[in-house]
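The chains referred to below are lettered A, B, ... by the order of the sequence lines, with proteins before strands, and numbering in each begins at 1.
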Protein chains: 2
Amino acid sequence: MDLALPQIKNLSIREQSLDTLREAILSGELKPGQALKETDLARHLGVSRAPIREALRILNSEGLVETIPYHGTTVRRLTKTDIEEIYSLRILLETYAMEQVIEKCQGADLQRLRDIVDRMVSAGDAGDLIAVNALDRDFHDALIEMSGHQLLHSMWLMVAMKVRQVMALVNRRNTDLTLIARKHLPLLDAMEAGDSAEAKMILGRHIATAGDLIAEDWVEP
Amino acid sequence: MDLALPQIKNLSIREQSLDTLREAILSGELKPGQALKETDLARHLGVSRAPIREALRILNSEGLVETIPYHGTTVRRLTKTDIEEIYSLRILLETYAMEQVIEKCQGADLQRLRDIVDRMVSAGDAGDLIAVNALDRDFHDALIEMSGHQLLHSMWLMVAMKVRQVMALVNRRNTDLTLIARKHLPLLDAMEAGDSAEAKMILGRHIATAGDLIAEDWVEP
DNA sequence: TTTTAACGCATTGTCTACAATCTACAAGCG
DNA sequence: CGCTTGTAGATTGTAGACAATGCGTTAAAA
């Protein structure tokens, strides 16, 4: 039985609804402030309200939606302060993860990160913006994973979700394609050199500038 | 109308169930690995399964329980690694919060913390272990709140919950009453002096030693 | 005109019944 | 005897109906 059949995943309606709604929020399809009426959602997805409600409770504790009793659930609004908090926490979590990675992977296992950056640079040169963004996410996700800190990872996922949402909502005029990719090179160098302080500095500034650019002209609806 | 009547809170059954279950888990009444059968919970609380299920979904995304589809929900087990992760993240979050507080409250608004520590010392001298623990929680909670970082606060709440659970599960032979309370004094001094590095060092060691003591002889059932 | 009370509508909250799925054990077949 | 397959019981997953609550509107009274 070495047949490599694809795993059949029997996801519950709740999970499917959850994934669908979460993706819609993170992609900006569902905009902050928008009302999420259980009946409507159930009808649109062709299911009953029960699994929808459970999905909404999960989204609520993930901080993506807000529920007022007997009034309704809405996509959580994002203030300028929220943006600043998201990015400051992202810096905190990622620099910590990187510190751990540097300690553990003494110049060795960083090949995984190197591969991602290489592909990112290629994609940047080719002008493939989507690929650059995907690989950028991969890079930071790999960084967290490599720390081997599960709780840190779960916390980071929450922040990363909000980052995705913010990126989707802002009028992306980011443009500088190859620049973003190549910015990761000195970071990797510092990591391989085991220079934790320098690496933290670079990563911190890297994320902070990205956050500042977005927070700068953030307009709340 | 300056009557200070207690707010009447009409909490939904879901919220009441959630609070009850969460409290039971954090207090150690519901032990790790224990099965949480929806029907049983519903019967015991005198409600239907629907609100119970929603509460369980929330507890799941808070990381307090684990659900296997069509199999059941159990209180999440805590490994030694979990303990270490919990305390390392606690250090990360609290030292960051403290750094922010030191920057903002230049020697001024630290009175709130000072009050808590004073009362903690008194309770310690009086041998009131319960009060010391409550005030210790107050202290660290106040520290986070004073950072004014809401996202940080919500993340910290998750970690703090797990800390509570761990503390409740371990065979507390902690004893050294007054010592715990007085340990906060040099921390406050450093904060008031604006010595961020020193304060971080003290707080870090403070939490780390507490965590090590527990992780040291953690036995998994 | 202003205030207040009552009502209707929309939405969420809860309950009950039924369907889908899992585990374990027993029956059938080589 | 060993393996596969079917069946039973328990538990979770879903659906639909009903109850509770909040808000806006309307109508009545001061």
- Query: Which whole-number value in Å describes the distance from B:R53 CZ to D:dT11 C1'?
  - Reply: 10 Å
- Task: Scan B:L36 against the nucleic acid and name what it touches under 4.0 Å (heavy atoms): base, sugar-phosphate only, or nothing.
- Result: sugar-phosphate
- Check: A:E99 side chain, A:K200 main-chain N or O, donor-acceptor pair, under 3.5 Å: no
- Item | Closest to the A:H71 side chain, choosing from D:dT14, D:dC23, D:dC18 | D:dC23
- Query: Can you tell me if A:D118 uses its side chain to pair, donor with acceptor, with the backbone of A:D115 under 3.5 Å?
  - Reply: no
- Task: Rounded off to whole Å, could you give me the CD1-to-P distance for the B:I68 and D:dT12 pair?
- Result: 11 Å
- Task: When you get a sec, tell me which of D:dT12, C:dT21, D:dG22 is the closest nucleotide to the side chain of B:T39?
- Result: D:dT12
- Message: Would you say A:S48 places a side-chain N or O within less than 4.0 Å of OP1 or OP2 belonging to D:dT14?
- Response: no
- Message: Under 3.5 Å, is there a donor on one side chain and an acceptor on the other for B:E94 and B:H140?
- Response: yes
- Polar contact flag, side-chain donor to acceptor under 3.5 angstrom, B:T209-B:D212: no
- Closest to side chain of A:E38, choosing from D:dT14, C:dT12, C:dT14: C:dT12
- Let me know, please, whether A:Y70 or B:G72 comes out on the 5' side of the other along DNA chain D by nearest nucleotide. B:G72
- Message: Both A:P69 and B:A50 contact DNA chain D. Which one's nearest nucleotide lies toward the 5' end?
- Response: B:A50
- Item | Nearest-angstrom distance from the residue atom CD of A:E15 to C1' of D:dT12 | 13 Å
- Winner on side-chain proximity to A:K37, out of D:dG13, C:dT12, C:dG13, is C:dT12
- Message: I'd like to know if the side chain of A:E38 reaches the main chain of A:R49, judged simply by a donor and an acceptor atom lying under 3.5 Å from each other, with no hydrogens or angles considered.
- Response: no
- Message: Considering every strand and a 4.0 Å limit on heavy-atom distances, what is the contact class for B:R14: base, sugar-phosphate, or nothing?
- Response: sugar-phosphate
- Query: A:I13 has a side chain; which of C:dT21, D:dA15, D:dA17 sits nearest to it?
  - Reply: D:dA15
- DNA chain C nearest-nucleotide lookup for B:P51 and A:T73: closer to the 5′ end is A:T73
- Whole angstrom is fine here: how far is it from CG in B:L41 over to C1' in C:dC15? 17 Å
- Item | Spacing of A:E54 atom CD relative to D:dA15 atom P, expressed in whole Å | 11 Å
- Would you say A:N10 reaches C:dT21's phosphate, i.e. side-chain N/O to OP1/OP2 under 4.0 Å? yes
- Item | Separation of D:dA10 C1' from B:R43 CZ (nearest whole Å) | 13 Å
- How long is the line joining CG of A:L45 and C1' of D:dG13, in whole Å? 16 Å
- Message: Using whole Å, what does the distance between atom C1' of nucleotide C:dT14 and atom CG of B:L11 come to?
- Response: 15 Å
- Note on the structure: The single option from B:V65, B:T74, B:T67 that satisfies side-chain contact (heavy atoms from CB on, under 4.5 Å) with B:L36 is B:V65
- Item | Closest listed nucleotide, where the reference is the side chain of B:R49 and the choices are D:dT12, D:dA15, D:dA20 | D:dT12
